[in-house]
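So that the names make sense, note that chain A is the first sequence line, chain B the second, and so on, each numbered from 1.
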Number of protein chains: 2
Amino acid sequence: MITDTKYPRETARDYALRMLKENILSLELKPGTAISENELSAALKISRTPLREAIVELAKAYLIEIYPQKGSFISLIDPKMVEEARFLRRITDTAVIETACDEITDEGIALLEDNVALQEYYLSKGMTDKIFELDNQFHKSIYVVAKKDIIYEIHSTLMIHFDRVRNLSVETVKDFKVVGDHRAMLEAIKNKDKKTAVELVNKHLGRYQIDEKEIRSHRPEYFKA
Amino acid sequence: MITDTKYPRETARDYALRMLKENILSLELKPGTAISENELSAALKISRTPLREAIVELAKAYLIEIYPQKGSFISLIDPKMVEEARFLRRITDTAVIETACDEITDEGIALLEDNVALQEYYLSKGMTDKIFELDNQFHKSIYVVAKKDIIYEIHSTLMIHFDRVRNLSVETVKDFKVVGDHRAMLEAIKNKDKKTAVELVNKHLGRYQIDEKEIRSHRPEYFKA
DNA sequence: TATACCATACTTGTATACAAGTGCACCATA
DNA sequence: TATGGTGCACTTGTATACAAGTATGGTATA
(Lines give C-alpha, C1' and ligand atoms only; values in the text may rest on other atoms or scores of the structure.)
Protein backbone atom coordinates (compact mmCIF):
# COMPACT_ATOMS: atom_id res chain seq x y z
CA MET A 1 0.00 0.00 0.00
CA ILE A 2 1.15 3.52 -0.79
CA THR A 3 1.30 5.70 2.31
CA ASP A 4 2.04 9.31 2.89
CA THR A 5 2.39 11.17 6.14
CA LYS A 6 -0.37 11.94 8.57
CA TYR A 7 -1.69 15.46 8.59
CA PRO A 8 -0.93 17.44 11.77
CA ARG A 9 -4.35 17.33 13.42
CA GLU A 10 -5.58 14.23 11.61
CA THR A 11 -6.54 11.34 13.85
CA ALA A 12 -4.99 7.96 13.20
CA ARG A 13 -8.39 6.64 12.17
CA ASP A 14 -9.01 9.37 9.60
CA TYR A 15 -5.51 8.88 8.28
CA ALA A 16 -6.10 5.17 7.84
CA LEU A 17 -9.42 5.84 6.16
CA ARG A 18 -7.90 8.32 3.75
CA MET A 19 -5.06 5.97 2.81
CA LEU A 20 -7.37 2.99 2.36
CA LYS A 21 -9.80 4.92 0.17
CA GLU A 22 -7.02 6.30 -2.02
CA ASN A 23 -5.39 2.91 -2.46
CA ILE A 24 -8.64 1.14 -3.22
CA LEU A 25 -9.75 3.78 -5.71
CA SER A 26 -6.39 3.83 -7.46
CA LEU A 27 -6.33 0.03 -7.51
CA GLU A 28 -3.00 0.05 -5.74
CA LEU A 29 -4.87 -2.31 -3.43
CA LYS A 30 -6.21 -4.70 -6.02
CA PRO A 31 -9.62 -6.37 -5.79
CA GLY A 32 -9.27 -9.66 -3.96
CA THR A 33 -6.07 -8.70 -2.16
CA ALA A 34 -5.79 -10.11 1.35
CA ILE A 35 -5.15 -7.42 3.93
CA SER A 36 -4.34 -7.99 7.57
CA GLU A 37 -4.86 -5.59 10.40
CA ASN A 38 -1.40 -6.28 11.75
CA GLU A 39 0.27 -5.79 8.42
CA LEU A 40 -1.54 -2.56 7.54
CA SER A 41 -1.21 -1.03 10.99
CA ALA A 42 2.52 -1.63 10.76
CA ALA A 43 2.66 -0.10 7.28
CA LEU A 44 0.80 2.98 8.48
CA LYS A 45 2.73 3.07 11.75
CA ILE A 46 -0.44 3.17 13.84
CA SER A 47 -1.97 0.61 16.15
CA ARG A 48 -4.68 -1.85 15.25
CA THR A 49 -7.52 0.03 16.97
CA PRO A 50 -7.82 3.09 14.72
CA LEU A 51 -6.98 1.04 11.63
CA ARG A 52 -9.66 -1.43 12.51
CA GLU A 53 -12.25 1.34 12.90
CA ALA A 54 -11.43 2.44 9.35
CA ILE A 55 -11.66 -1.09 8.01
CA VAL A 56 -15.01 -1.65 9.67
CA GLU A 57 -16.34 1.51 8.06
CA LEU A 58 -15.24 0.42 4.60
CA ALA A 59 -16.69 -3.02 5.19
CA LYS A 60 -20.06 -1.34 5.81
CA ALA A 61 -19.75 0.16 2.33
CA TYR A 62 -18.81 -3.28 0.93
CA LEU A 63 -15.39 -2.09 -0.15
CA ILE A 64 -13.73 -4.60 2.19
CA GLU A 65 -14.99 -8.04 3.15
CA ILE A 66 -14.22 -9.32 6.62
CA TYR A 67 -14.30 -13.04 7.33
CA PRO A 68 -13.88 -13.43 11.09
CA GLN A 69 -10.85 -15.43 12.14
CA LYS A 70 -9.99 -16.00 8.48
CA GLY A 71 -9.00 -12.71 6.95
CA SER A 72 -10.08 -9.51 5.27
CA PHE A 73 -9.98 -8.77 1.58
CA ILE A 74 -10.40 -5.88 -0.80
CA SER A 75 -13.79 -6.58 -2.34
CA LEU A 76 -13.89 -7.94 -5.83
CA ILE A 77 -15.68 -5.78 -8.37
CA ASP A 78 -19.34 -6.67 -8.03
CA PRO A 79 -21.36 -5.63 -11.10
CA LYS A 80 -24.46 -5.33 -8.92
CA MET A 81 -22.71 -2.87 -6.61
CA VAL A 82 -21.40 -0.88 -9.56
CA GLU A 83 -24.87 -0.75 -11.06
CA GLU A 84 -26.46 0.38 -7.79
CA ALA A 85 -23.86 3.10 -7.34
CA ARG A 86 -24.37 4.24 -10.91
CA PHE A 87 -28.16 4.24 -10.49
CA LEU A 88 -27.92 6.19 -7.27
CA ARG A 89 -25.58 8.74 -8.77
CA ARG A 90 -27.84 9.32 -11.73
CA ILE A 91 -31.04 9.85 -9.78
CA THR A 92 -29.46 12.04 -7.12
CA ASP A 93 -27.41 14.11 -9.55
CA THR A 94 -30.48 14.88 -11.63
CA ALA A 95 -32.71 15.68 -8.66
CA VAL A 96 -30.02 17.80 -7.06
CA ILE A 97 -29.29 19.87 -10.14
CA GLU A 98 -32.99 20.63 -10.42
CA THR A 99 -32.96 21.81 -6.83
CA ALA A 100 -29.82 23.82 -7.55
CA CYS A 101 -31.75 25.68 -10.24
CA ASP A 102 -34.25 26.69 -7.57
CA GLU A 103 -31.75 27.53 -4.86
CA ILE A 104 -29.02 29.23 -6.85
CA THR A 105 -27.74 32.53 -5.47
CA ASP A 106 -25.05 34.98 -6.48
CA GLU A 107 -22.61 33.36 -4.11
CA GLY A 108 -23.46 29.98 -5.59
CA ILE A 109 -22.83 31.26 -9.09
CA ALA A 110 -19.49 32.67 -8.00
CA LEU A 111 -18.52 29.33 -6.44
CA LEU A 112 -19.31 27.39 -9.59
CA GLU A 113 -17.93 30.06 -11.91
CA ASP A 114 -14.54 30.11 -10.18
CA ASN A 115 -14.32 26.36 -10.47
CA VAL A 116 -15.24 26.17 -14.16
CA ALA A 117 -12.95 29.07 -15.02
CA LEU A 118 -10.08 27.17 -13.42
CA GLN A 119 -10.96 24.05 -15.36
CA GLU A 120 -10.96 26.01 -18.60
CA TYR A 121 -7.65 27.58 -17.72
CA TYR A 122 -5.95 24.29 -16.93
CA LEU A 123 -7.44 22.72 -20.03
CA SER A 124 -6.07 25.50 -22.24
CA LYS A 125 -2.66 25.05 -20.65
CA GLY A 126 -2.78 21.31 -21.08
CA MET A 127 -2.51 20.77 -17.32
CA THR A 128 -5.19 18.11 -17.47
CA ASP A 129 -4.13 16.33 -14.32
CA LYS A 130 -5.52 19.21 -12.28
CA ILE A 131 -8.95 18.73 -13.76
CA PHE A 132 -9.94 15.53 -11.95
CA GLU A 133 -9.87 17.20 -8.57
CA LEU A 134 -11.79 20.21 -9.90
CA ASP A 135 -14.31 17.86 -11.49
CA ASN A 136 -15.10 16.33 -8.12
CA GLN A 137 -15.25 19.74 -6.49
CA PHE A 138 -17.65 21.01 -9.15
CA HIS A 139 -20.11 18.22 -8.52
CA LYS A 140 -19.84 18.67 -4.80
CA SER A 141 -20.47 22.39 -5.21
CA ILE A 142 -23.72 21.71 -7.02
CA TYR A 143 -24.83 19.67 -4.02
CA VAL A 144 -23.80 22.51 -1.74
CA VAL A 145 -25.78 25.01 -3.78
CA ALA A 146 -28.80 22.71 -3.57
CA LYS A 147 -28.21 22.39 0.18
CA LYS A 148 -27.75 18.65 -0.16
CA ASP A 149 -24.13 18.34 0.90
CA ILE A 150 -24.79 15.61 3.45
CA ILE A 151 -26.18 13.42 0.70
CA TYR A 152 -23.02 13.99 -1.30
CA GLU A 153 -20.87 12.97 1.61
CA ILE A 154 -22.93 9.94 2.54
CA HIS A 155 -22.73 8.68 -1.03
CA SER A 156 -19.08 9.46 -1.62
CA THR A 157 -17.71 6.22 -0.18
CA LEU A 158 -20.21 4.15 -2.14
CA MET A 159 -19.19 5.88 -5.37
CA ILE A 160 -15.74 4.35 -5.07
CA HIS A 161 -17.30 1.17 -6.47
CA PHE A 162 -18.18 3.10 -9.58
CA ASP A 163 -15.02 5.17 -9.81
CA ARG A 164 -12.50 2.37 -9.46
CA VAL A 165 -14.06 0.60 -12.43
CA ARG A 166 -13.65 3.79 -14.43
CA ASN A 167 -9.99 3.77 -13.43
CA LEU A 168 -9.74 0.28 -14.90
CA SER A 169 -11.00 1.33 -18.29
CA VAL A 170 -8.23 0.71 -20.75
CA GLU A 171 -8.71 4.11 -22.23
CA THR A 172 -10.13 6.34 -19.56
CA VAL A 173 -12.04 9.15 -21.19
CA LYS A 174 -9.08 11.40 -21.69
CA ASP A 175 -10.89 13.77 -23.95
CA PHE A 176 -11.92 16.64 -21.78
CA LYS A 177 -15.38 17.29 -23.10
CA VAL A 178 -16.37 17.20 -19.45
CA VAL A 179 -15.13 20.76 -19.06
CA GLY A 180 -17.57 21.89 -21.70
CA ASP A 181 -20.28 19.92 -19.92
CA HIS A 182 -19.56 21.76 -16.72
CA ARG A 183 -19.70 25.14 -18.44
CA ALA A 184 -23.05 24.20 -19.97
CA MET A 185 -24.39 22.97 -16.63
CA LEU A 186 -23.40 26.20 -14.97
CA GLU A 187 -25.19 28.24 -17.61
CA ALA A 188 -28.31 26.08 -17.27
CA ILE A 189 -28.30 26.60 -13.52
CA LYS A 190 -27.85 30.34 -13.95
CA ASN A 191 -30.83 30.35 -16.29
CA LYS A 192 -32.78 28.14 -13.90
CA ASP A 193 -33.35 25.88 -16.88
CA LYS A 194 -34.09 22.55 -15.20
CA LYS A 195 -34.88 20.64 -18.34
CA THR A 196 -31.57 21.44 -19.98
CA ALA A 197 -29.70 20.88 -16.72
CA VAL A 198 -31.08 17.38 -16.33
CA GLU A 199 -30.32 16.55 -19.95
CA LEU A 200 -26.76 17.71 -19.43
CA VAL A 201 -26.32 15.55 -16.34
CA ASN A 202 -27.50 12.49 -18.23
CA LYS A 203 -25.24 13.27 -21.15
CA HIS A 204 -22.38 13.89 -18.78
CA LEU A 205 -22.80 10.62 -16.93
CA GLY A 206 -23.12 8.89 -20.27
CA ARG A 207 -19.50 9.78 -20.95
CA TYR A 208 -18.48 7.52 -18.11
CA GLN A 209 -20.08 4.57 -19.83
CA ILE A 210 -17.89 1.63 -19.03
CA ASP A 211 -17.38 -1.42 -21.13
CA GLU A 212 -17.61 -4.10 -18.51
CA LYS A 213 -16.91 -6.93 -20.92
CA GLU A 214 -13.71 -5.34 -22.12
CA ILE A 215 -12.45 -4.67 -18.60
CA ARG A 216 -13.44 -8.14 -17.52
CA SER A 217 -11.56 -9.71 -20.41
CA HIS A 218 -8.42 -7.87 -19.33
CA ARG A 219 -8.76 -8.51 -15.62
CA PRO A 220 -11.15 -11.40 -15.03
CA GLU A 221 -9.56 -12.07 -11.65
CA TYR A 222 -10.84 -8.72 -10.34
CA PHE A 223 -14.49 -9.62 -10.84
CA LYS A 224 -16.86 -11.31 -8.50
CA ALA A 225 -19.25 -13.02 -10.88
CA MET B 1 -30.86 3.24 27.74
CA ILE B 2 -33.08 0.23 27.24
CA THR B 3 -31.13 -2.95 26.63
CA ASP B 4 -32.10 -6.46 25.80
CA THR B 5 -29.91 -9.49 25.48
CA LYS B 6 -27.36 -10.16 22.80
CA TYR B 7 -28.35 -12.60 20.12
CA PRO B 8 -26.36 -15.87 20.15
CA ARG B 9 -24.03 -15.23 17.18
CA GLU B 10 -24.30 -11.45 17.31
CA THR B 11 -20.99 -9.66 17.77
CA ALA B 12 -20.70 -7.15 20.57
CA ARG B 13 -20.38 -4.38 18.01
CA ASP B 14 -23.55 -5.32 16.16
CA TYR B 15 -25.36 -5.64 19.44
CA ALA B 16 -24.28 -2.15 20.48
CA LEU B 17 -25.28 -0.80 17.08
CA ARG B 18 -28.70 -2.38 17.29
CA MET B 19 -29.34 -1.06 20.79
CA LEU B 20 -28.15 2.44 19.95
CA LYS B 21 -30.28 2.67 16.83
CA GLU B 22 -33.37 1.44 18.63
CA ASN B 23 -32.93 3.83 21.51
CA ILE B 24 -32.22 6.82 19.29
CA LEU B 25 -35.17 6.08 17.03
CA SER B 26 -37.54 5.57 19.95
CA LEU B 27 -36.22 8.72 21.62
CA GLU B 28 -35.37 6.74 24.71
CA LEU B 29 -32.01 8.40 24.15
CA LYS B 30 -33.17 11.97 23.80
CA PRO B 31 -31.58 14.48 21.43
CA GLY B 32 -28.80 16.31 23.25
CA THR B 33 -28.24 13.58 25.84
CA ALA B 34 -24.63 13.15 26.88
CA ILE B 35 -23.42 9.60 26.47
CA SER B 36 -20.12 8.22 27.63
CA GLU B 37 -18.33 5.21 26.30
CA ASN B 38 -17.63 3.96 29.79
CA GLU B 39 -21.20 4.34 30.92
CA LEU B 40 -22.76 2.71 27.86
CA SER B 41 -20.27 -0.13 27.69
CA ALA B 42 -21.11 -0.90 31.31
CA ALA B 43 -24.84 -0.75 30.58
CA LEU B 44 -24.45 -3.14 27.65
CA LYS B 45 -21.96 -5.30 29.54
CA ILE B 46 -19.41 -5.11 26.76
CA SER B 47 -16.04 -3.42 26.57
CA ARG B 48 -15.34 -0.01 25.14
CA THR B 49 -13.83 -1.28 21.89
CA PRO B 50 -16.91 -2.73 20.17
CA LEU B 51 -19.15 -0.04 21.64
CA ARG B 52 -16.85 2.62 20.30
CA GLU B 53 -16.93 1.10 16.84
CA ALA B 54 -20.71 1.40 16.89
CA ILE B 55 -20.59 4.99 18.12
CA VAL B 56 -18.11 5.96 15.41
CA GLU B 57 -20.42 4.51 12.78
CA LEU B 58 -23.40 6.48 14.05
CA ALA B 59 -21.28 9.61 14.22
CA LYS B 60 -20.57 9.16 10.52
CA ALA B 61 -24.34 9.31 9.97
CA TYR B 62 -24.56 12.40 12.19
CA LEU B 63 -26.73 10.65 14.73
CA ILE B 64 -24.08 11.12 17.42
CA GLU B 65 -21.68 14.01 17.78
CA ILE B 66 -18.25 13.32 19.22
CA TYR B 67 -16.23 16.12 20.76
CA PRO B 68 -12.79 14.69 21.51
CA GLN B 69 -11.80 14.80 25.16
CA LYS B 70 -15.10 16.51 26.00
CA GLY B 71 -17.90 14.10 25.41
CA SER B 72 -20.34 12.55 22.98
CA PHE B 73 -23.97 13.47 22.55
CA ILE B 74 -27.06 12.24 20.81
CA SER B 75 -27.42 14.71 17.94
CA LEU B 76 -30.07 17.36 18.26
CA ILE B 77 -32.73 17.30 15.59
CA ASP B 78 -31.28 19.23 12.68
CA PRO B 79 -33.98 20.40 10.24
CA LYS B 80 -31.41 20.35 7.44
CA MET B 81 -30.61 16.69 8.11
CA VAL B 82 -34.30 15.83 8.28
CA GLU B 83 -34.93 17.62 5.00
CA GLU B 84 -32.03 15.89 3.27
CA ALA B 85 -33.21 12.49 4.47
CA ARG B 86 -36.73 13.27 3.33
CA PHE B 87 -35.49 14.47 -0.06
CA LEU B 88 -33.36 11.39 -0.51
CA ARG B 89 -36.18 9.06 0.43
CA ARG B 90 -38.55 10.68 -2.02
CA ILE B 91 -36.25 10.58 -5.02
CA THR B 92 -35.00 7.05 -4.38
CA ASP B 93 -38.42 5.61 -3.57
CA THR B 94 -39.89 6.99 -6.78
CA ALA B 95 -36.98 5.89 -8.98
CA VAL B 96 -36.92 2.46 -7.36
CA ILE B 97 -40.62 1.79 -7.74
CA GLU B 98 -40.30 2.64 -11.43
CA THR B 99 -37.50 0.13 -11.70
CA ALA B 100 -39.59 -2.39 -9.78
CA CYS B 101 -42.27 -2.06 -12.48
CA ASP B 102 -39.66 -3.13 -15.02
CA GLU B 103 -38.07 -5.88 -12.97
CA ILE B 104 -41.11 -7.45 -11.34
CA THR B 105 -41.35 -11.25 -11.53
CA ASP B 106 -43.77 -13.83 -10.23
CA GLU B 107 -41.59 -14.38 -7.19
CA GLY B 108 -41.50 -10.65 -6.60
CA ILE B 109 -45.26 -10.46 -6.77
CA ALA B 110 -45.55 -13.32 -4.30
CA LEU B 111 -43.15 -11.59 -1.92
CA LEU B 112 -45.11 -8.34 -1.95
CA GLU B 113 -48.49 -10.08 -1.98
CA ASP B 114 -47.72 -12.09 1.15
CA ASN B 115 -46.68 -8.95 2.94
CA VAL B 116 -49.72 -6.89 1.99
CA ALA B 117 -52.07 -9.77 2.78
CA LEU B 118 -50.61 -9.95 6.27
CA GLN B 119 -51.00 -6.20 6.70
CA GLU B 120 -54.64 -6.43 5.68
CA TYR B 121 -55.17 -9.33 8.05
CA TYR B 122 -53.65 -7.57 11.04
CA LEU B 123 -55.54 -4.40 10.19
CA SER B 124 -58.87 -6.27 10.13
CA LYS B 125 -58.02 -7.83 13.47
CA GLY B 126 -57.01 -4.49 14.94
CA MET B 127 -53.49 -5.75 15.63
CA THR B 128 -52.05 -2.52 14.36
CA ASP B 129 -48.78 -2.76 16.25
CA LYS B 130 -47.69 -5.50 13.87
CA ILE B 131 -48.08 -3.21 10.88
CA PHE B 132 -45.07 -0.96 11.48
CA GLU B 133 -42.65 -3.81 11.00
CA LEU B 134 -44.49 -5.02 7.91
CA ASP B 135 -44.50 -1.48 6.55
CA ASN B 136 -40.71 -1.35 6.67
CA GLN B 137 -40.47 -4.81 5.16
CA PHE B 138 -42.77 -3.85 2.31
CA HIS B 139 -40.65 -0.91 1.33
CA LYS B 140 -37.52 -2.96 1.56
CA SER B 141 -39.09 -5.64 -0.62
CA ILE B 142 -39.73 -3.10 -3.36
CA TYR B 143 -36.02 -2.29 -3.31
CA VAL B 144 -35.24 -5.98 -3.47
CA VAL B 145 -37.55 -6.46 -6.45
CA ALA B 146 -35.83 -3.53 -8.17
CA LYS B 147 -32.46 -5.08 -7.30
CA LYS B 148 -31.51 -2.02 -5.30
CA ASP B 149 -31.28 -3.54 -1.85
CA ILE B 150 -27.82 -2.13 -1.14
CA ILE B 151 -29.18 1.37 -1.59
CA TYR B 152 -31.93 0.58 0.91
CA GLU B 153 -29.41 -0.61 3.44
CA ILE B 154 -26.99 2.28 2.92
CA HIS B 155 -29.82 4.75 3.45
CA SER B 156 -31.45 3.03 6.39
CA THR B 157 -29.28 4.59 9.09
CA LEU B 158 -29.72 8.06 7.60
CA MET B 159 -33.48 7.64 7.61
CA ILE B 160 -33.44 7.53 11.39
CA HIS B 161 -33.20 11.32 11.26
CA PHE B 162 -36.52 11.36 9.48
CA ASP B 163 -38.19 8.60 11.44
CA ARG B 164 -37.42 9.84 14.93
CA VAL B 165 -39.11 13.14 14.11
CA ARG B 166 -42.15 11.20 13.02
CA ASN B 167 -42.10 9.47 16.38
CA LEU B 168 -42.21 12.89 18.01
CA SER B 169 -45.38 13.92 16.23
CA VAL B 170 -48.02 14.46 18.87
CA GLU B 171 -50.47 12.43 16.88
CA THR B 172 -48.54 9.95 14.82
CA VAL B 173 -50.58 9.01 11.83
CA LYS B 174 -52.50 6.26 13.48
CA ASP B 175 -55.00 5.96 10.70
CA PHE B 176 -53.88 3.02 8.67
CA LYS B 177 -54.52 4.31 5.22
CA VAL B 178 -50.97 3.20 4.56
CA VAL B 179 -52.19 -0.37 4.16
CA GLY B 180 -54.44 0.74 1.32
CA ASP B 181 -51.50 2.61 -0.16
CA HIS B 182 -49.44 -0.55 -0.14
CA ARG B 183 -52.19 -2.57 -1.82
CA ALA B 184 -52.49 0.10 -4.52
CA MET B 185 -48.70 0.19 -5.02
CA LEU B 186 -48.60 -3.57 -5.42
CA GLU B 187 -51.33 -3.46 -8.06
CA ALA B 188 -49.54 -0.67 -9.92
CA ILE B 189 -46.34 -2.70 -9.93
CA LYS B 190 -48.19 -5.79 -11.15
CA ASN B 191 -49.64 -3.69 -13.98
CA LYS B 192 -46.22 -2.16 -14.66
CA ASP B 193 -47.98 1.18 -14.36
CA LYS B 194 -45.07 3.48 -13.50
CA LYS B 195 -47.04 6.70 -13.57
CA THR B 196 -49.57 5.50 -11.02
CA ALA B 197 -46.85 3.90 -8.92
CA VAL B 198 -44.90 7.14 -8.65
CA GLU B 199 -48.04 9.09 -7.80
CA LEU B 200 -48.81 6.59 -5.05
CA VAL B 201 -45.33 6.91 -3.56
CA ASN B 202 -45.64 10.67 -3.41
CA LYS B 203 -49.10 10.45 -1.87
CA HIS B 204 -47.83 7.87 0.60
CA LEU B 205 -44.87 9.95 1.70
CA GLY B 206 -47.18 12.94 1.98
CA ARG B 207 -48.93 11.15 4.82
CA TYR B 208 -45.76 11.44 6.85
CA GLN B 209 -45.87 15.19 6.57
CA ILE B 210 -44.58 16.51 9.84
CA ASP B 211 -45.48 19.73 11.49
CA GLU B 212 -42.07 20.92 12.57
CA LYS B 213 -43.39 24.04 14.25
CA GLU B 214 -45.77 22.08 16.40
CA ILE B 215 -43.13 19.58 17.48
CA ARG B 216 -40.66 22.35 18.09
CA SER B 217 -43.10 24.20 20.31
CA HIS B 218 -43.54 21.08 22.43
CA ARG B 219 -39.86 20.15 22.59
CA PRO B 220 -37.72 23.14 21.68
CA GLU B 221 -34.78 21.69 23.59
CA TYR B 222 -34.57 18.81 21.10
CA PHE B 223 -33.86 21.10 18.14
CA LYS B 224 -30.58 22.37 16.85
CA ALA B 225 -31.57 25.65 15.27
C1' DT C 1 3.01 -44.00 -0.31
C1' DA C 2 -1.08 -42.30 1.67
C1' DT C 3 -3.56 -40.63 5.52
C1' DA C 4 -4.75 -38.92 9.92
C1' DC C 5 -3.45 -35.82 13.36
C1' DC C 6 -1.46 -32.21 15.83
C1' DA C 7 1.35 -28.21 16.67
C1' DT C 8 1.82 -23.71 15.09
C1' DA C 9 1.30 -19.46 13.13
C1' DC C 10 -1.73 -16.83 11.47
C1' DT C 11 -6.58 -14.32 11.47
C1' DT C 12 -10.28 -11.13 13.65
C1' DG C 13 -12.95 -9.96 18.11
C1' DT C 14 -12.69 -8.18 22.63
C1' DA C 15 -10.85 -6.39 26.96
C1' DT C 16 -7.92 -3.42 29.28
C1' DA C 17 -4.23 -0.09 30.14
C1' DC C 18 -2.33 4.21 29.13
C1' DA C 19 -2.07 9.02 26.97
C1' DA C 20 -3.64 13.56 26.49
C1' DG C 21 -6.87 17.03 26.97
C1' DT C 22 -11.08 19.34 29.28
C1' DG C 23 -13.94 21.31 32.81
C1' DC C 24 -15.36 21.89 37.29
C1' DA C 25 -15.12 22.09 42.20
C1' DC C 26 -12.58 23.51 45.86
C1' DC C 27 -9.42 26.21 48.30
C1' DA C 28 -6.19 29.80 49.24
C1' DT C 29 -5.44 34.56 48.86
C1' DA C 30 -6.18 39.44 48.13
C1' DT D 1 -16.62 38.56 49.17
C1' DA D 2 -14.44 38.01 44.96
C1' DT D 3 -10.90 36.00 42.30
C1' DG D 4 -7.33 33.12 40.68
C1' DG D 5 -5.08 28.81 40.74
C1' DT D 6 -4.71 23.89 41.29
C1' DG D 7 -5.84 19.23 41.46
C1' DC D 8 -8.98 15.74 40.35
C1' DA D 9 -12.34 13.32 37.90
C1' DC D 10 -14.00 12.91 33.86
C1' DT D 11 -13.78 12.58 28.50
C1' DT D 12 -12.14 10.39 23.90
C1' DG D 13 -7.94 8.52 21.26
C1' DT D 14 -4.56 5.02 20.98
C1' DA D 15 -1.73 1.01 22.12
C1' DT D 16 -1.40 -3.50 23.62
C1' DA D 17 -2.65 -7.97 25.62
C1' DC D 18 -5.55 -11.78 25.42
C1' DA D 19 -9.32 -14.97 23.51
C1' DA D 20 -11.03 -17.93 20.13
C1' DG D 21 -11.22 -19.80 15.70
C1' DT D 22 -8.96 -21.26 11.08
C1' DA D 23 -5.68 -23.04 7.82
C1' DT D 24 -1.49 -25.10 6.87
C1' DG D 25 2.51 -27.86 7.00
C1' DG D 26 5.05 -31.37 9.07
C1' DT D 27 5.11 -35.82 11.26
C1' DA D 28 3.92 -40.18 12.76
C1' DT D 29 1.47 -44.17 11.56
C1' DA D 30 -0.88 -47.65 8.87
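- As a whole-Å value, the separation of B:Tyr67 OH from D:dG13 C1' is 17 Å.
- Judged by atom type and distance alone, B:Gln69 does not reach the base of D:dT11 through any side-chain donor-acceptor pair under 3.5 Å.
- Here D:dT14 presents its C1' atom at 12 Å from CD of B:Glu37, a figure rounded to the nearest Å.
- Checking the phosphate oxygens (OP1, OP2) of D:dT14, no side-chain nitrogen or oxygen of A:Thr49 falls inside 4.0 Å.
- Proximity of A:Ser36 to the phosphate of C:dC10: no side-chain N or O atom is located under 4.0 Å from OP1 or OP2.
- A cation-pi geometry, defined here as NZ or CZ lying under 6.0 Å from the six-membered ring centre and within 45° of its normal, holds between A:Arg18 and A:Tyr7.
- Distance, B:Leu40 CG to D:dC10 P: 16 Å, rounded to whole Å.
- Following rounding to the nearest Å, A:Arg9 (CZ) and C:dA20 (P) show an atom-to-atom distance of 16 Å.
- Closest approach to the B:Arg52 side chain among C:dT12, C:dA15, D:dT14 is made by D:dT14 (side chain taken as heavy atoms from C-beta onward).
- In this model, no side-chain donor or acceptor of A:Thr11 finds a partner on the base of D:dT14 within 3.5 Å.
- As rounded to whole Å, 12 Å separates atom P of C:dC10 from atom CD of A:Glu39.
- Here the NZ-CG distance, from A:Lys224 to A:Asp78, works out to 4.5 Å after rounding to the nearest 0.5 Å.
- Taking atom OH on B:Tyr15 and atom C1' on C:dG13, their separation rounds to 17 Å, with Å as the unit.
- Backbone-only contact: A:Ile35 has heavy atoms under 4.0 Å from sugar-phosphate atoms and none from a base.
- The side chain of A:Lys70 sits closest to D:dT22 out of C:dA15, C:dC18, D:dT22.
- At least one side-chain nitrogen or oxygen of A:Asn38 sits closer than 4.0 Å to the OP1 or OP2 atom of C:dT11.
- With a 6.0 Å cutoff to the six-membered ring centre and a 45° limit on the axis angle, B:Arg86 does not count as a cation-pi contact of B:Phe162.
- Residue B:Ile66 contributes atom CD1, which lies 16 Å from atom C1' of C:dT22 at whole-angstrom precision.
- Residue A:Ser47 places none of its side-chain N or O atoms closer than 4.0 Å to OP1 or OP2 of D:dT14.
- Atoms CG and CD1, on A:Leu29 and A:Ile2 in that order, are 9.0 Å from each other to the nearest 0.5 Å.
- For B:Tyr222 and B:His218, the ring centers are positioned 6.0 Å apart or more.
- At whole-Å resolution of the value, CD in A:Glu53 and P in D:dA15 are 11 Å apart.
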